[in-house]
**Student:** 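Here you go, one structure.
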Amino acid sequence: MLYVGDLMTKRKFYAELRIDTKHYPTTVYEILEALFPNHREYTDFAYFLVKKARDEGWDKGEWIRIILEFVKEYSKTYNLGISPGDVEELLQKYEEYNERYSATTRNNKIRALAREKGLDIDTWYYKYRSIIKRLKRLGMIYEKNGHYSQSKEFLRILQKMTEALIDFYSGKDEEW
């Protein structure tokens, strides 16, 4: 096993990749599986967020819309007890309330509607925050001025590791 992450300080949310060197990841989804081992739901949600960050990103205050968009897609594959049509209805209400109410009032109304339909937004919010923190610590996304976007920090980390290995194999690391 190869561990990559913040192992010196144990925090509630940290980025630790557990990579089996005999079956190493070859896709972003597999990298995320190494970040969230044995948690398919977290891996799927993280993959959704990474793609969203790559495409256009999202504002921090839009968290409830992001959760609903994911649940809509996820409920097409897995039985969550709520249909994609019900989630689509919640998304429409979100847009409607977004124009009429403050963010807090909008979110409280959407939470109440979701609860009526059998969807616990608060549980999904906890998962969302956990995933966001790990993705930020891993360097796959970043937040600037309340907007989440794709980060290339993880790519830089892997490039530095590659350079270190190339230097080692070529003998350059011994030249002090």
Side-chain angles (χ1 to χ4, degrees), residues 1-20 23-82 84 86-88 90-91 94 98 103-104 106-108 110-111 113-115 117-158:
M1 285 284 183
L2 171 68
Y3 293 98
V4 179
D6 184 6
L7 298 176
M8 297 304 290
T9 58
K10 288 291 183 183
R11 298 180 183 151
K12 187 173 182 181
F13 300 103
Y14 53 91
E16 178 180 288
L17 293 179
R18 296 180 182 178
I19 298 172
D20 181 351
H23 306 284
Y24 55 86
T26 57
T27 66
V28 170
Y29 188 85
E30 290 174 352
I31 291 170
L32 294 171
E33 283 180 317
L35 183 61
F36 301 103
N38 304 316
H39 291 286
R40 174 84 187 239
E41 191 172 81
Y42 279 61
T43 304
D44 289 343
F45 202 176
Y47 188 62
F48 175 84
L49 293 173
V50 167
K51 288 191 307 185
K52 190 89 168 153
R54 178 195 63 198
D55 295 342
E56 75 257 7
W58 69 95
D59 290 332
K60 190 174 186 175
E62 297 177 322
W63 63 268
I64 204 163
R65 179 181 60 84
I66 299 301
I67 289 171
L68 290 172
E69 287 177 357
F70 171 72
V71 169
K72 178 182 167 190
E73 288 301 312
Y74 196 68
S75 65
K76 290 177 183 175
T77 309
Y78 300 98
N79 181 12
L80 299 179
I82 186 167
D86 285 345
V87 181
E88 181 62 40
L90 290 170
L91 280 165
Y94 174 89
N98 198 30
T104 303
R106 173 201 66 212
N107 290 351
N108 288 337
I110 294 296
R111 275 182 164 134
L113 287 171
R115 212 171 297 120
K117 294 184 181 295
L119 178 65
D120 184 6
I121 292 288
D122 295 330
T123 300
W124 283 99
Y125 180 65
Y126 173 79
K127 294 174 186 178
Y128 169 84
R129 285 182 37 90
S130 172
I131 292 166
I132 289 291
K133 287 182 180 187
R134 289 185 192 186
L135 291 175
K136 284 170 62 175
R137 288 206 173 115
L138 186 61
M140 292 190 93
I141 64 171
Y142 74 96
E143 178 190 351
K144 184 175 182 182
N145 298 328
H147 186 80
Y148 290 109
S149 297
Q150 179 183 23
S151 172
K152 294 193 171 123
E153 184 61 28
F154 184 63
L155 178 62
R156 284 188 210 101
I157 291 168
L158 294 177

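The first residue in the sequence is number 1, and the count goes up from there.
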**Student:** Among Val87, Val71, Leu119, which residue meets the side-chain contact (heavy atoms from CB on, under 4.5 Å) test with Leu80?
**Tutor:**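 Testing Leu80 for a side-chain contact (heavy atoms from CB on, under 4.5 Å) against Val87, Val71, Leu119 leaves exactly one candidate, Val71.
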**Student:** Minimum heavy-atom separation for Leu32 and Ala46, please, with both atom names.
**Tutor:**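 So the minimum-distance heavy-atom pair works out to CD1-C, 3.8 Å.
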**Student:** More than 12 non-hydrogen atoms from neighbouring residues, nucleotides or ligands closer than 6.0 Å to CG on Asp55, yes or no?
**Tutor:**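 Buried by this count: over 12 neighbours within 6.0 Å.
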**Student:** Would you find a donor on one side and an acceptor on the other, under 3.5 Å apart, between the side chain of Ser151 and the backbone of Gly139?
**Tutor:**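 Indeed, once roles are kept as given, a pair shorter than 3.5 Å links the two residues.
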**Student:** Does some side-chain heavy atom of Leu68 sit less than 4.5 Å from a side-chain heavy atom of Ile121?
**Tutor:**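 Side chain of Ile121 against side chain of Leu68, heavy atoms only: contact under 4.5 Å found.
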**Student:** Test your reading of the model: is there a side-chain donor-acceptor pair from Thr43 to the backbone of His39, 3.5 Å cut-off?
**Tutor:**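 Flag set: sc Thr43 to bb His39 pair under 3.5 Å.
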**Student:** What are the two closest non-hydrogen atoms of Glu62 and Tyr94, and how far apart are they?
**Tutor:**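 In terms of heavy atoms, the two residues are closest at CA-OH, 3.8 Å.
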**Student:** Working to the nearest 0.5 angstrom, can you tell me the gap between Leu113 CG and Leu90 CG?
**Tutor:**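 With rounding to 0.5 Å, CG (Leu113) is 6.0 Å from CG (Leu90).
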**Student:** Can you name the nearest heavy-atom pair linking Ile66 to Phe48, along with the distance?
**Tutor:**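 Between these two residues, the closest heavy atoms are O-CE2, 3.8 Å.
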**Student:** Using side-chain heavy atoms (C-beta onward) and a distance below 4.5 Å, is Phe154 in contact with Leu158?
**Tutor:**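 SC-SC contact between Phe154 and Leu158 confirmed.
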**Student:** Compare all side-chain heavy atoms of Trp124 with those of Ile64 and state whether any distance is below 4.5 angstrom.
**Tutor:**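 Contact flag for Trp124/Ile64 side chains = no.
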**Student:** Quick one: OH on Tyr148 to CG on Leu49, what's the gap to the nearest 0.5 Å?
**Tutor:**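 Tyr148 atom OH to Leu49 atom CG measures 9.5 Å (nearest 0.5 Å).
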**Student:** Kindly assign one of parallel, tilted or perpendicular to the pair Tyr29 and Tyr47, based on the angle between their ring planes and the thresholds 30° and 60°.
**Tutor:**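 Rings of Tyr29 and Tyr47: perpendicular, as their planes differ by over 60°.
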**Student:** I'd like to know if the side chain of Tyr42 pairs up with that of Arg134 as donor and acceptor (distance under 3.5 Å, no hydrogens or angles considered).
**Tutor:**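 No.
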**Student:** How long is the straight-line distance from CG of Leu91 back to CG of Asn98, given to the nearest 0.5 Å?
**Tutor:**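 If we round to the nearest 0.5 Å, Asn98:CG and Leu91:CG are 11.5 Å apart.
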**Student:** Would you compute the distance between atom CZ of Phe70 and atom OG of Ser75 and round it to the nearest 0.5 angstrom?
**Tutor:**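 So the gap between those two atoms works out to 9.5 Å.
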**Student:** Less than 4.5 Å apart, side chain to side chain, heavy atoms only: is that true for Arg40 and Tyr78?
**Tutor:**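 Yes, their side chains come closer than 4.5 Å.
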**Student:** Quick check for you: to the nearest 0.5 Å, what is the distance between Ile110 atom CD1 and Arg65 atom CZ?
**Tutor:**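 If we round to the nearest 0.5 Å, Ile110:CD1 and Arg65:CZ are 12.0 Å apart.
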**Student:** Any side-chain heavy atom of Trp63 within less than 4.5 Å of one from Arg129?
**Tutor:**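 No, too far: nothing below the 4.5 Å cut-off.
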**Student:** Nearest heavy-atom pair of Tyr142 and Gln150: which atoms, and what distance?
**Tutor:**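 Between these two residues, the closest heavy atoms are CE2-O, 3.1 Å.
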**Student:** Would the number of heavy atoms belonging to other residues, nucleotides or ligands and lying under 6.0 Å from OH of Tyr24 be above 12?
**Tutor:**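 It does not: Tyr24 OH has 12 such atoms or fewer within range.
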**Student:** Any non-hydrogen side-chain atom of Glu143 less than 4.5 Å from a side-chain atom of Ile132?
**Tutor:**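 The answer is no, as the side chains (C-beta and beyond) never meet within the 4.5 Å cut-off.
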**Student:** Quick one: do Asn108 and Arg111 satisfy side-chain contact (heavy atoms from CB on, under 4.5 Å)? Show the steps, please.
**Tutor:** CA-CA 5 Å; Asn108 288 337; Arg111 275 182 164 134; 3.5 Å; yes
**Student:** List the atom of Phe45, the atom of Ile67, and the distance in Å for their closest heavy-atom pair.
**Tutor:**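 Minimum heavy-atom separation between Phe45 and Ile67: CZ-CG1, 4.0 Å.
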**Student:** Salt bridge check: are Glu69 and Lys72 linked by an N-O gap of less than 4.0 Å?
**Tutor:**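 Salt bridge: no.
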**Student:** With rounding to the nearest 0.5 angstrom, report the CD to CG distance, Glu33 to Asp44.
**Tutor:**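 Here the rounded value is 8.5 Å.
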**Student:** For Glu56 and His147, which heavy atoms make the closest approach, and how far apart are they?
**Tutor:**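 Heavy-atom minimum between the residues: O-NE2, 3.3 Å.
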